[in-house]
Number of protein chains: 2
Amino acid sequence: MASPTSGPKRSTIKDVAKKAGVAISTVSLVMNGKGFVSNETSTRVLNVAKQLNYVPRQAARKLPMQSTGNIGFVLRADHFARSEPFYTRIFLGTEFEAHFHGLYVLLTTIPQKFDASLHTPRFLQERNVDGVLIAGKVDSDFIESIAGARIPLVLIDYQLKDHPAVVIDNQQGAKLAVEHLVSKGHEDIAFLGADMLHPSLKERLEGYRIGLNDARLGKPSCEIVSDQGEPDYGTGFELSQQIFECSKRPTAVFCANDSIAMGLLDQAASQGIRVPEDLAVVGFDDVAREDHFRPSLTTVRVYKEQLGELAMKYLNELMAGFPATYPNFERRSHIVRVPTELIIRESS
Amino acid sequence: MASPTSGPKRSTIKDVAKKAGVAISTVSLVMNGKGFVSNETSTRVLNVAKQLNYVPRQAARKLPMQSTGNIGFVLRADHFARSEPFYTRIFLGTEFEAHFHGLYVLLTTIPQKFDASLHTPRFLQERNVDGVLIAGKVDSDFIESIAGARIPLVLIDYQLKDHPAVVIDNQQGAKLAVEHLVSKGHEDIAFLGADMLHPSLKERLEGYRIGLNDARLGKPSCEIVSDQGEPDYGTGFELSQQIFECSKRPTAVFCANDSIAMGLLDQAASQGIRVPEDLAVVGFDDVAREDHFRPSLTTVRVYKEQLGELAMKYLNELMAGFPATYPNFERRSHIVRVPTELIIRESS
DNA sequence: TGTTCGGATCGAAACGTTTCGATAAATTTC
DNA sequence: GAAATTTATCGAAACGTTTCGATCCGAACA
């Protein structure tokens, strides 16, 4: 029955108070840097605390504070388990930032099709979080159920209504990609994308079109814009066939993301089309891994950790009750937009 | 200043007790299914609880229970962020199992080279976990520091001294792979691996050798066993060059894992060697993603979620203080060994 | 010189549970 | 039919903090 962790007993605030010859409340004030405590007392308490190896018990702190110290991080299971380390790195960013705020991050996945009675994360059932971060496209019912429960909420790499969100500056990134291709002399630049109802991907398409327009290029001979499917390698491989069936073959393709671009790369290779000689390819996300076989992919780099960090910051300010401010980034109403960078490699 | 989550106030055990006309302690007993409570009272309390939408506050429960309800899940940052969804799926398994035990899983990463004063996870500093799960190869100082703190601990896909661990049955898997190649008529089967000091990979090498021996095959013409490097695609690509420089080229290669096998596949292709016609290849882990370009990889499938589930079960029993028992799996002393399965695809 | 104010410290209530021991009624045992 | 046991319920202490006054003291103010 004895707990395996039993030992010489963990010291409490009481022990510190007694040994330092002060009241419990004074120790509390010192530990939290609140109120007025003389320097002398403060250092004495701190010393005793260190000496006794005192660390406040979180459960005890949270009780009167009426907060949990937890924040929930939710994404779709299929997104989390997918090959490219995209969401994992976003999570890493939130985790990193959470440290500064003394928060724990509880990572949970939900299925693609969300049913509240079956899949509501435990930390929500128990109301054991102070706020929630949602990464990627998830069922809108889920998002609304959280917002409806009045739990502070920040979306990452997704948008829905006017819920606070931290997103990639997709439009800017797409323009970067197009400008690059234009500078390489391309005049017929195709687009390839699936799941184009996704707000982020839609923005990339818009940026692409603006880029074409800015360069005074006419309509490209080919624009593959599918609303269906997942924007992954398989879809990219299949859809890209259409590019080679177009009336006139474009000299360059801008893809909605790297996974699709990888599919295109392989389809091109299987048709004997050389990249970048016959066809230049640019992706988006910067998640393609090293590969000696394919040409390395020119892409728009997304700072995934930064997305997570900013979202965590934003959420924290939401929880504190005052409006967040990001002087360094465009912030229109409730949206924080994070800039991207073009990474030029072999495929263009 | 008003909390954004403020509302009509969350109901407490007190509210339920009053409305049901019983003592607080009785409600507690009902909610936890403890002690002796009449059926009548029990259902009445349960009804009231549901009616008031009562959910016990975890912080309040944990205080007198002297437990945290959290378990820590630790892996190396570079492992977590790596392309193949190996560790993420292990995590998913633990998370799934944790539900049944009412536990939260706190995922944190540590760097490859661990320094206790810099990288000790917050949940350890605050002693805010009841147990710890460690996935993959991590700094042994870290492992020992946890064990030294007398915190229950289970390793996953790694072994160190006699710490409890849930591991892949690497030897069995490797034998499966070799038997398969033998059955295909191969008599000269090479091995390719890096980071071979890793206990799991070492076991795969052993299984491979036993397999060769069982088939009464002589020494293979080539065994690439590097102790250095990470067992990844790049290493696989480089090391595999040695295979083609061997005195006699083997007809098949068993790789320490899929990443290395992918590297080998590309190296072979770049040298104009056809797979599987000229060379059969088998990997391990089953993490290679769909790829229209390379032949799909024959591999030894590892049930990653199951590894996580079993580890969580094991840890839970450790925390409860009684020895774990797994009738279905081989369990030598403190090791739980999970069987694998051979998945035959195009590369062999 | 009395009054006000701010710094320093303390005591006690409160946070929402679990659990131990007490009590009482109902049932079994001898 | 008394004693012992089992079932059902309750009250109160305990868990380890935070925080809200209250108190005290010395300094600035009028």
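Keep in mind that what you see is a predicted model, and the values were worked out from it rather than measured. Because only heavy atoms are used, hydrogens play no part in the values below, and waters and symmetry mates are left out as well, while side chains stay in. We name chains A, B, ... by the order of the sequence lines, and we start the count at 1 in each one.
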Using whole Å, report how far CZ of B:Phe36 lies from C1' of D:dT6.
-> 7 Å
Rounded to the nearest angstrom, tell me the gap between atom CG in A:Leu52 and atom P in D:dG16.
-> 14 Å
Do A:Asp130 and A:His101 have side chains that get closer than 4.5 Å, going by heavy atoms?
-> no
Rounded distance (Å) that lies between atom P of C:dG7 and atom CG of A:Asn39 | 14 Å
B:Lys62 NZ to C:dT17 C1', in whole Å, measures 10 Å
Phosphate oxygens OP1/OP2 of D:dT9: is one of them under 4.0 Å from a side-chain N or O of B:Thr41?
-> yes
Please produce a list of atom pairs where a protein N or O lies less than 3.5 Å from an N or O of nucleotides 18-20 of chain C.
from	atom 1	to	atom 2	distance (Å)
C:dT18	OP1	B:Asn32	ND2	3.0
C:dT18	OP1	B:Arg61	NE	2.9
C:dT18	OP1	B:Arg61	NH2	3.4
C:dT18	OP2	B:Ser28	OG	2.4
C:dT19	OP2	B:Lys34	NZ	2.8

Please work out whether the ring planes of B:Phe91 and B:Phe73 are parallel, tilted or perpendicular, with thresholds of 30° and 60°.
-> perpendicular
Output a table of nitrogen or oxygen pairs between the protein and nucleotides 21-23 of chain D separated by less than 3.5 Å.
none

B:Gln66 side-chain N/O to D:dA14 phosphate OP1/OP2 under 4.0 Å = no
Name the orientation class of the two ring planes belonging to A:Tyr104 and B:Phe123 (parallel below 30°, tilted from 30 to 60°, perpendicular beyond 60°).
-> tilted
Counting distance only, does the side-chain N/O of A:Arg44 pair as donor-acceptor with the main-chain N or O of A:Ala20 below 3.5 Å?
-> yes
With axes from five pairs an end, tell me the bend angle of the helix from C:dT1-D:dA30 to C:dC30-D:dG1, nearest 10°.
-> 40°
Using a cut-off of 4.0 Å on non-hydrogen atoms, how would the nucleic acid contact of B:Gln58 be classed: base, sugar-phosphate, or nothing?
-> nothing
Residue pair B:Ala23/A:Leu63 against DNA chain D: nearer the 5' end by closest nucleotide is B:Ala23
Picking from B:Val22, B:Val45, B:Val16, what satisfies side chain to side chain contact (heavy atoms under 4.5 Å, CB included) with B:Val30?
-> B:Val45
